[in-house]
Asks: 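Have a look at the structure that comes next, please.
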Amino acid sequence: MFDMKWLRANTEIFDNSMVRRGIGPQSTMLIELDDTRRATISSLNDLQEMRNKSSKQIGQAKAQKDEEKAQQLLAEVADLRSKVQAGEEQERQQTQALNDAMLALPNLLADDVPDGEDEEDNVERSKFMEPTQFAFKPKEHYELGEALGMMDFEVSARMSGSRFVVLKGQLALLERALGNFMLNLQTINHGFTEVSAPLLVRSEAMVGTGQLPKFAEEAFQTTDGNWLIPTSEVSLTNLVREQVLSCKDLPLRFASLSYCFRSESGSAGKDTRGMLRQHQFSKVEMVTITTPDKADKTHQDMLGFAEEVFHRLKIPYRTIALCSGDMGASMQRTYDIEAWMPGQNTYREVSSVSKAGDWQARRMNARYRDENGDVQFVQTLNGSGVAVGRLMIAVMENYQQEDGSICVPEALQRYMGDLQVIKVAK
RNA sequence: GGGUGGGUGGCAGAGUGGUUGAAUGCUCUGGUCUUGAAAACCAGCGAGCGCGCAAGCGUUCCGGGGGUUCGAAUCCCUCCCCACCCGCCA
């Protein structure tokens, strides 16, 4: 959503962003829709003014028992009602048309987002550690997990189909430990408030964060019309929907460990082996609700909070700034963290930290009262801190040993009953 | 699943056909008082759109949509949502 007044005054900035997004200038179309809408409202106003004035006169005439004058006035406004109704209907349709057009458009881009078409044009910002070296050929996580007898894609396929996994024993424990470790890090060390929120949400909530209306096919919908959240960004961000917060309450910082559900309909044939791309996975998510002046600083901070996960686990990663063509529609700026995955001999995305500006706030109608008492839209930021399933792949592959056992990173051991090595039980 | 009651401004909460855009309280803002603060007192305090240099004027908005009426927060229909009670269940 965009502010029409702002848009009219800043068509170049607006169109520039849309062009960089690869969808061409949009301002002329929006302004035309708004112009016709305004013209309708204007003439409707005139009709309503006439109606209200004569209604008042009729009331007065009746009060004075001047029945003749009342009847005369009634005759004069006989056809006004249908005209007003027609005008109202027209206004509704035109407002809806403008609204629909707005909801379908992506967010503006931050100035510092690099230009580019696809992931090839993303820009590396920083790097931590060198790729892990092995004296043997490192295996992929699913080879390790299956050999350990703790990761089973056949049994999950039998009950649920593809893109699910069953973890058992110490790998199930590893997954739970990673979730706990990260949630503790973000809440206890970084001050986020732990939240346990619904996994099933209404369409309105999905519209609020931008998953709808455009990306319905990427999420699962229940028979009663609700949606399984594709990320707890949806539930955490919507905590402030339809609210007017006090500037004293900001920033609000929420984190949760939750399951996420994605249909992956657009990625058939991609990453089909292993647990890299699943219909169900768990993730620690961070959301900050703040004011415009603090948003950019917060973005950098949140990236740092996500990076700390890798520092503590000693896993190599690189951080990249997504280019204009690769960014999600809801965001103004996005940084990805890619962990080194020895089995694939490459870096893979494990976290994404983004600033949405007021784009989501407008859709959710989430506002705050500033120091002057004026009502403004809040700014929203979100980031994974981080995705559990994918991080688990990175842990398994980076900490694997030649015999197929997996060392437990020191930071994780206390979350696993001091377990030091995951290996086949004797 | 059965029944009942509700959805009004930042919040709470009046208001059942005609100067009600909406009483009252709280919050908030400004002022008086005070060394300062609190309290008390006084004043102000919703949003969208249009016209206007401006002051301002007009109009719309009391969950969404439709209807009745010259006129609807108020009456009718419908949808959505919420609360409570009963039944069922973790």
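Within every chain, numbering begins at 1; the chains are lettered A, B, ... in the order of the sequence lines, protein sequences first and strands thereafter.
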Asks: Among the candidates B:rU60, B:rC49, B:rG10, find the nucleotide nearest to the side-chain atoms of A:Gln48.
Replies: B:rU60

Asks: Using Watson-Crick and G-U wobble pairs whose two distances are both under 3.5 Å, how do you write the pairing of RNA chain B as dot-bracket, with | for links to another strand?
Replies: ((((((((.[[[..)..(.....]]].(((((.......))))).((((((....)))))).[[[[[..)....]]]]])))))))....

Asks: Counting just side-chain N and O atoms, does A:Lys5 come under 4.0 Å of either OP1 or OP2 of B:rC49?
Replies: yes

Asks: Taking atom C1' in both B:rG18 and B:rU69, compute the distance separating them and give it to the nearest angstrom.
Replies: 12 Å

Asks: What is the nucleic acid contact for A:Ser54, judged by heavy atoms within less than 4.0 Å: base, sugar-phosphate only, or nothing?
Replies: nothing

Asks: Rounded to the nearest angstrom, tell me the gap between atom CD in A:Glu242 and atom P in B:rC80.
Replies: 17 Å

Asks: Could you measure between the two C1' atoms, the one in B:rG30 and the one in B:rC57, and give it in whole Å?
Replies: 27 Å

Asks: Hey, which of A:Arg333, A:Arg125, A:Lys355 is the one that makes salt bridge (charged side-chain N to carboxylate O under 4.0 Å, His left out) with A:Asp112?
Replies: A:Arg333

Asks: B:rG50, B:rG10, B:rU60: which one has an atom nearest the side-chain heavy atoms of A:Arg51?
Replies: B:rU60

Asks: Starting from the C-alpha separation in whole Å, work towards a yes-or-no answer on side chain to side chain donor-acceptor pair (under 3.5 Å) for A:Tyr415 and A:Asn184.
Replies: CA-CA 11 Å; A:Tyr415 289 91; A:Asn184 277 359; 3.1 Å; yes

Asks: Nearest-nucleotide wise, let me know which of A:Arg369 and A:Asn45 is further upstream toward the 5' end of RNA chain B.
Replies: A:Arg369

Asks: Starting at the 5' end of RNA chain B, which residue's closest nucleotide do you reach first, A:Gln85 or A:Glu91?
Replies: A:Glu91

Asks: Calculate, to the nearest 0.5 Å, the distance between atoms CD and CG belonging to A:Gln85 and A:Leu47 respectively.
Replies: 12.0 Å

Asks: Compare all side-chain heavy atoms of A:Leu381 with those of A:Val287 and state whether any distance is below 4.5 angstrom.
Replies: no

Asks: How many Å lie between CG on A:Asn365 and C1' on B:rG46, as a whole number?
Replies: 13 Å

Asks: Which is true for A:Glu88 with a 4.0 Å heavy-atom rule: it touches a base, it touches only sugar-phosphate, or it touches nothing?
Replies: nothing

Asks: Tell me whether the guanidinium CZ or amine NZ of A:Arg363 lies under 6.0 angstrom from the six-membered ring centre of A:Trp359 and within 45° of its axis.
Replies: yes

Asks: Just compare B:rC49, B:rU60, B:rG50 and give me whichever is closest to any side-chain atom of A:Asn52.
Replies: B:rU60

Asks: Can you list, by residue number, the residues of residues 200-212 of chain A that have a non-hydrogen atom closer than 4.0 angstrom to RNA chain B?
Replies: A:Arg202

Asks: Compare the minimum distances between each of B:rG67, B:rC49, B:rC28 and the side chain of A:Lys248, then state the nucleotide with the smallest one.
Replies: B:rC28

Asks: Less than 4.5 Å apart, side chain to side chain, heavy atoms only: is that true for A:Leu105 and A:Phe14?
Replies: yes

Asks: Taking B:rU59 as the reference, what is the distance to B:rU8 when you measure between their P atoms (whole Å, please)?
Replies: 26 Å

Asks: Could you check whether the rings of A:Phe305 and A:His190 sit parallel, tilted or perpendicular, using 30° and 60° as the cut-offs?
Replies: parallel

Asks: Look at A:Arg262 together with A:Glu264 and state whether they make a salt bridge at an N to O cut-off of under 4.0 Å.
Replies: no

Asks: Can you tell me how far C1' in B:rG64 sits from the matching atom in B:rC45, rounded to whole Å?
Replies: 29 Å

Asks: Kindly say whether the aromatic ring centers of A:Tyr317 and A:His311 come within a distance under 6.0 Å.
Replies: yes

Asks: Between B:rG71 and B:rG17, how far apart are the C1' atoms? Round to whole Å, please.
Replies: 8 Å

Asks: Which is true for A:Arg367 with a 4.0 Å heavy-atom rule: it touches a base, it touches only sugar-phosphate, or it touches nothing?
Replies: nothing

Asks: What integer distance in Å separates A:Glu49:CD from B:rG58:C1'?
Replies: 5 Å

Asks: Please state how far atom CG in A:Asp46 lies from atom C1' in B:rG50, giving the value in whole angstrom units.
Replies: 9 Å

Asks: What integer number of Å spans the P atoms of B:rG58 and B:rG6?
Replies: 36 Å

Asks: Whether A:Arg414 and A:Asp418 form a salt bridge (side-chain N of Lys/Arg under 4.0 Å from carboxylate O of Asp/Glu) is what I want to check.
Replies: no

Asks: What is the separation between atom CG on A:Leu98 and atom P on B:rG48, rounded to the nearest whole Å?
Replies: 16 Å

